[in-house]
Amino acid sequence: MLICLVLSVAVSVGQTEAPPEVPAPPPAVTPDRWLLMRALQGTYPGWLLDGNRMQLSGWTDASFTAGTASSSNLPMGFNHLANDFALQQNWLRFERTVDQSASTPTYGFRSDWILPGTDYRFTLARGAFSSQLTADHGQPNTYGIDPIQFYAEAYFPTVGRGLDLRFGRIFCQYGVEANDAPSNALLSHAYTFIYDPFTHTGLMATLKLTQAWSVQAGIILGSDIFIDPADEPYGMADVKWAPSNGRDSILLSVILGSGKFNRERQFNNPNIVDLVYTHQFSPRLSYNFESLAGYQTNVPEIGTATWFGVINYLTYVFTPRVSATTRVEFFDDAQGQRTGSKGLYSTLTAGLSLKPRKAITFRPELRYDYNNETQPFEEKHGLFTAAADVILRW
Amino acid sequence: MKRSLWLLICCLMPGASCLLTPVKAADASAVSIVVGSRKASATPTQQGFTHTGGGNIDVAQPSPDTVVVTMTGVAVAGAHPCKDSTATLAFDVMQNFEVVLEKPDVKKAKLTVEARVIGLLRSHVKGGGAATVATPGQATVLDGDNKTLVTVALPAHSVCGGENESVNNRETPEGVSIKAGKYTLHQAFALSATHPRSLKLCKAASAEFAPDPALDPLWISAFEPFHGAAKKDFGFQVTVKASPE
């Protein structure tokens, strides 16, 4: 036995460690298939959709917001119904994605509908079902529909490092927060998001210059407006720096046009500059900073209206199913043209995002809003809310 | 380091010395099979909302006295709104081979034929789709005069109306005494899936007798009854083995 042991030790001496195994390449990313496509899988309609690279999907986002306001949380938008349930988004998405790994041009489209939801009253563009905003004795219906995004898309892989063209009604490309609920870490939205444009109608081009740099430019009909007499030529552009292995990224965006309120049509034409900076402290901890400045001239009784917003987001991912986010925002509505009440809005929000299943997200949050100058929250300076929503993807 | 640890374990285990003993080479076979010409085909037919996959006919000789012929394929038919759907995949093989007696003291050989089929049959409760093994696996060895020497046949299977079936059949070896000479293996197998036209959202019926990726997962339900099934041995396989008598 001892001889064997000695022999073994002797054999091991001088042996080198096996070279480390070469890590396998990451698996190809496949798009998520939600309940509707899974239910259609194996049927003729499902085959038609899959065979043409098309997908039908959506989600239902329902929330309850409790708070110190009695009937309305406005000017805190989106989850504005105080102490009430709200079906914020019942979203239907029909799309054919472009193939960015292809070597030849590919074509696609996307159609997004809020069908229905309370969010429509904030996102609706003038000229597209906008009569809903005055349908209830001059007031908006509680629930409505909004064809919030619909565009045709073409992708040309050989132009630069890829040129993407979109034509139609398209989400605004600036900022951290987004119109679609699953893209946001928190249930509620920042004032900087609520009181600035949501969608554009026009032609938008995105060109990837290098692995890190990309630029975007668009010719649009204004902000939050479809085909309407109040249309006027506007431009949008942004520059993005996001190295693939880097910890930081920067997105600088502008929306520029006349910047002049249309008194005849009573329509806002804001000019906006927005900066987003992202830093990844670790695989679990990330930070987002957004700063926005906007102005508009020719506003009745005000002249030139200006507003400014700064938001800080800190997100910690505990597990792939549990993350926590805090948001600190300062939004200065200098003349009250945006929110209806001037002053500096300061908000603090803390929330969780829990995913018990891949298709189910539960987002509870606590939020406090304060305006030092005026009393926008039912004649009070402050508003405390405790809210939660469930997003069911299908 | 791993190597030395393994060596240490071997040394400490009683009887572990056998692991280090070289395996004695097997004796040369007294009877061998020489594979000759072959006429083989896999014929798909499709009408309506259908899919066929695979269609492989693999002839292998793992040892001089053994020939293995494997047929693998898939047939799927779903509900087309305007027309009936039918998918079939039919296999047919005529494989010539010669049995050679390698040693002078061996005068005759024993030829054994063994068959097995492994696969899945699925149908949906709505719509009336069906999946069948249309031609049950069958293998026949013929002599030079086309006279049948030995036959093995597997049972038929079919499902419909929401039935699902995992098939794993094996036919015990059939043996026959033969002389050296030329012989032919005739092997046939066919799969079929049918579905009447329907406007309902019916899942397709499928006969899956091939390893991945012959059946695109998008052709079967996401909530399929055989999720996670190991498919590497799927197919109809016949093993012909010659041994000294």
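We name chains A, B, ... by the order of the sequence lines, and we start the count at 1 in each one.
The salt bridge (Lys or Arg N to Asp or Glu O under 4.0 Å) contacts involving residues 48-71 of chain B comprise Asp65(B)-Lys241(B), where partners must be two or more places apart or lie in separate chains. For the side chain to side chain donor-acceptor pair (under 3.5 Å) condition, the pairs that include at least one residue of residues 88-97 of chain A, sequence neighbours left out, are Trp59(A)-Gln89(A), Thr60(A)-Asn90(A), Ser63(A)-Gln88(A), Gln88(A)-Asp119(A), Gln89(A)-Asp119(A), Trp91(A)-Asp112(A), Arg93(A)-Asp112(A), Glu95(A)-Arg110(A).
Expressed to the nearest 0.5 Å, how far CZ of Phe223(B) lies from CG of Leu35(A) amounts to 5.5 Å.
The environment of CZ in Phe64(A) is crowded: more than 12 heavy-atom neighbours from other residues, nucleotides or ligands sit within 6.0 Å. Heavy-atom contacts from other residues, nucleotides or ligands closer than 6.0 Å to NZ of Lys39(B) number 12 or fewer.
Counting heavy-atom pairs under 4.5 Å between each of Gly78(B), Ser206(B), Gly127(B), Ala79(B) and chain A puts Ala79(B) at the top. Interface check for chain A: of the options Ser198(B), Pro217(B), Pro81(B), the most heavy-atom pairs under 4.5 Å are formed by Pro81(B).
By the side-chain contact (heavy atoms from CB on, under 4.5 Å) test, Phe226(B) pairs with Leu120(B), Arg122(B), Asn164(B), Ser166(B), Glu224(B), Ala229(B), sequence neighbours left out.
Heavy-atom proximity under 4.5 angstrom to chain B picks out Arg38(A), Ala39(A), Leu40(A), Gln41(A), Gly42(A), Thr43(A), Tyr44(A), Pro45(A) from residues 36-45 of chain A.
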